[in-house]
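Each chain gets a letter, A, B and so on, in the order the sequences are listed, and its residues count up from 1. For clarity, every value in this text was computed on a predicted model and none was experimentally measured.
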Amino acid sequence: MTILYFSWVRDRIGLGRETAAPPPQLATLGQLRLWLAGLGPGHAAALSPGLPVRGAVNQELAAPDHPIGPDDEIAFFPLFSGG
Amino acid sequence: MTILYFSWVRDRIGLGRETAAPPPQLATLGQLRLWLAGLGPGHAAALSPGLPVRGAVNQELAAPDHPIGPDDEIAFFPLFSGG
Amino acid sequence: MIRIQTAPFDPGAELNHLAAGQSEAGALASFVGLVRDEGGRLIALTLEHYPGMAERLLAEIEAEAHRRWSLDAVTILHRVGRMRPGEAIVLVGVLAAHRAEAFAACEFVIDRLKTGAPFWKYEDRSDGAGWVETTAEDAERAQRWE
Amino acid sequence: MIRIQTAPFDPGAELNHLAAGQSEAGALASFVGLVRDEGGRLIALTLEHYPGMAERLLAEIEAEAHRRWSLDAVTILHRVGRMRPGEAIVLVGVLAAHRAEAFAACEFVIDRLKTGAPFWKYEDRSDGAGWVETTAEDAERAQRWE
């Protein structure tokens with residue numbers, strides 16, 4: 001599973017992209033986020049519950065209950081601030 | 001007194017500018033318009049009461065009761081359609 | 001900046017000029033009015049104006065925009081004379097710190113200009129020629145700002 | 001037309017290109033977002049994006065604008081990477097028969113783009129550096145269109 005990070009989520013984790021093999025019982029985007037937040041202090045500072053982070057599955061914005069699979073491209077990032 | 005005409009007011013009168021010496025008892029823009037409308041068929045077709053014509057005195061939009069004097073620049077024209 | 005001219009103008013170059021050198025402004029809203037070809041029926045559009053009065057009324061519209069909003073710069077450019085389909089008739093550019101003001105002021109200026117400054121359009125069409133009437137829509141849009 | 005690029009772009013040239021060759025369109029409304037110098041404190045602004053997703057969401061915004069209004073053409077151009085005060089970040093140009101649609105669609109696109117497409121701003125300032133938060137005003141302006 002490919003996971004992309006942007007903006008301060010990436011800065012805190014220290015990586016823009018990683019490949020993860022979460023336990024197969026993780027079925028949703030929200031469960032994946034919680035699992036990633038437990039991987040270390042950087043991941044916790046970026047992804048812990050309460051932080052204003054949104055997620056996407058295969059480049060579509062997705063809610064925490066969105067199902068995920070091993071071939072998905074997942075991304076986490078803050079609210080957008082373009083333009 | 002200099003009188004300017006624009007757009008179809010000018011086309012109907014056949015002149016863009018004329019110098020007129022109206023009778024001194026003509027004191028307002030509206031009286032001047034009526035007097036001009038009586039000068040001939042072109043003037044009548046351009047300035048008769050009821051036609052959608054506006055007037056200016058010294059390059060300021062002016063109502064029919066606006067006073068006029070011999071040194072004023074008067075203009076008559078249709079509603080604006082620029083831009 | 002107010003300019004009325006017979007020569008064609010380059011809208012993009014005018015907008016770049018407006019944007020240049022105003023480092024506090026984050027937003028440039030603009031409007032360019034172009035000669036429509038009216039399904040191929042329009043041969044040419046001629047814009048007439050009342051010299052002197054037109055410049056003065058445009059300057060008043062510009063001043064009123066500055067009174068209503070916090071703006072860095074405004075450009076109003078109006079072409080007069082005979083022009084062809086596709087050519088630019090009028091340009092309004094508004095530079096401001098933020099886009100809400102820039103958009104509002106730009107719409108205000110073009111709405112006021114259409115019915116509040118002494119310009120008249122004459123159409124030369126393959127199906128006839130004549131002076132263009134003020135549209136009801138233009139009159140309504142101008143009234144929004146009263 | 002949607003384009004995301006690292007190289008600087010010329011807003012005026014892009015707008016002229018949009019206006020060219022669409023002889024039915026009488027109105028070009030546009031917005032250009034420029035890097036503000038924040039009273040001399042901003043050294044550079046860096047725009048990051050999510051490649052692929054950004055292009056797709058901009059294309060969705062463009063398609064939604066076409067669904068809501070009758071438009072001849074839309075250009076959305078967003079620069080990414082590091083840029084200096086005065087440079088153009090984003091351009092939205094809308095060509096339509098009439099100005100009411102052109103203005104509404106242009107405001108819609110920039111409002112949606114600001115909070116609805118995956119771009120993030122990072123400021124490098126003489127008084128500190130950091131990621132820019134979505135402003136409450138931007139969030140409100142985007143909600144006007146829901």
Side-chain angles (χ1 to χ4, degrees), chain C residues 9-42 45 72 84-100 102-104 106-111 113-114 135 137-138 140-141 144, chain D residues 9-42 45 72 84-104 106-108 110-111 113-114 135 137-138 140-141 144:
Chain C
F9 65 88
D10 176 334
E14 298 292 341
L15 290 173
N16 283 348
H17 182 75
L18 175 60
Q22 291 271 354
S23 53
E24 269 315 302
L28 169 60
S30 73
F31 175 78
V32 180
L34 302 157
V35 182
R36 274 192 297 272
D37 77 356
E38 308 288 353
R41 292 187 301 278
L42 190 92
L45 184 72
D72 289 288
R84 296 281 177 181
E87 294 186 343
I89 308 166
V90 64
L91 175 144
V92 177
V94 176
L95 198 61
H98 300 285
R99 73 187 184 286
F103 272 117
C106 188
E107 286 208 69
F108 168 81
V109 169
I110 186 65
D111 285 350
L113 182 157
K114 289 242 173 192
T135 69
E137 194 205 338
D138 282 341
E140 271 166 35
R141 288 182 64 87
R144 297 187 303 157
Chain D
F9 64 88
D10 177 334
E14 298 291 342
L15 291 172
N16 282 349
H17 182 74
L18 175 61
Q22 292 270 351
S23 54
E24 268 315 301
L28 168 61
S30 72
F31 174 78
V32 180
L34 302 157
V35 182
R36 273 192 297 271
D37 76 356
E38 307 288 353
R41 292 188 302 278
L42 189 94
L45 183 73
D72 290 288
R84 299 280 179 180
E87 294 185 344
I89 308 166
V90 64
L91 175 145
V92 177
V94 176
L95 198 61
H98 299 286
R99 73 187 184 286
E101 296 103 301
F103 272 117
C106 187
E107 286 208 68
F108 168 81
I110 186 64
D111 286 350
L113 182 158
K114 289 242 173 193
T135 69
E137 195 206 336
D138 281 341
E140 271 164 37
R141 288 182 65 87
R144 296 186 303 158

Greatest number of heavy atom pairs closer than 4.5 Å to chain C - which of D:Gly40, D:Ala13, D:Gly39: D:Gly39
Looking at D:His98, D:Lys114, D:His17, D:Glu137, which has the largest count of heavy-atom pairs under 4.5 Å with chain C? D:Lys114
Can you list the residues that meet the side-chain hydrogen bond (donor to acceptor under 3.5 Å, both in side chains) rule with C:Asp138, with sequence neighbours excluded? C:Thr135, D:Arg99
Begin with the C-alpha distance, continue with both residues' side-chain angles, and end with the deciding distance and a verdict on side chain to side chain contact (heavy atoms under 4.5 Å, CB included) for C:Val32 and D:Leu15. CA-CA 10 Å; C:Val32 180; D:Leu15 291 172; over 6 Å; no
Between chain D and each of C:Ala100, C:Gly33, C:Gly86, count heavy-atom pairs under 4.5 Å; write down the option with the most. C:Ala100
Greatest number of heavy atom pairs closer than 4.5 Å to chain D - which of C:Ala97, C:Ala102, C:Ala19: C:Ala97
So which bits of residues 87-95 of chain C come within less than 4.5 Å of chain D, counting non-hydrogen atoms only? C:Leu95
Evaluate the ring planes of C:Phe31 and D:Phe103, with Trp represented by its six-membered ring, and classify them as parallel (under 30°), tilted (30 to 60°) or perpendicular (over 60°). parallel
Applying side-chain contact (heavy atoms from CB on, under 4.5 Å), can you list everything that pairs with D:Ala20, at least two apart in sequence or on another chain? none
Here the salt bridge (Lys or Arg N to Asp or Glu O under 4.0 Å) pairs for residues 24-34 of chain D, sequence neighbours left out, are none
So CG of C:Leu42 and CZ of C:Arg84: to nearest 0.5 Å the spacing works out to 9.0 Å
Distance check, rounded to the nearest 0.5 Å: C:Leu28 atom CG versus C:Asn16 atom CG? 8.5 Å
Between D:Arg141 and D:Asp111 the two heavy atoms that sit nearest each other are NE-OD1, 3.3 Å
Check each atom of C:Glu14 against the heavy atoms of chain D and say whether the ones under 4.5 Å are side chain, backbone, both or neither. neither
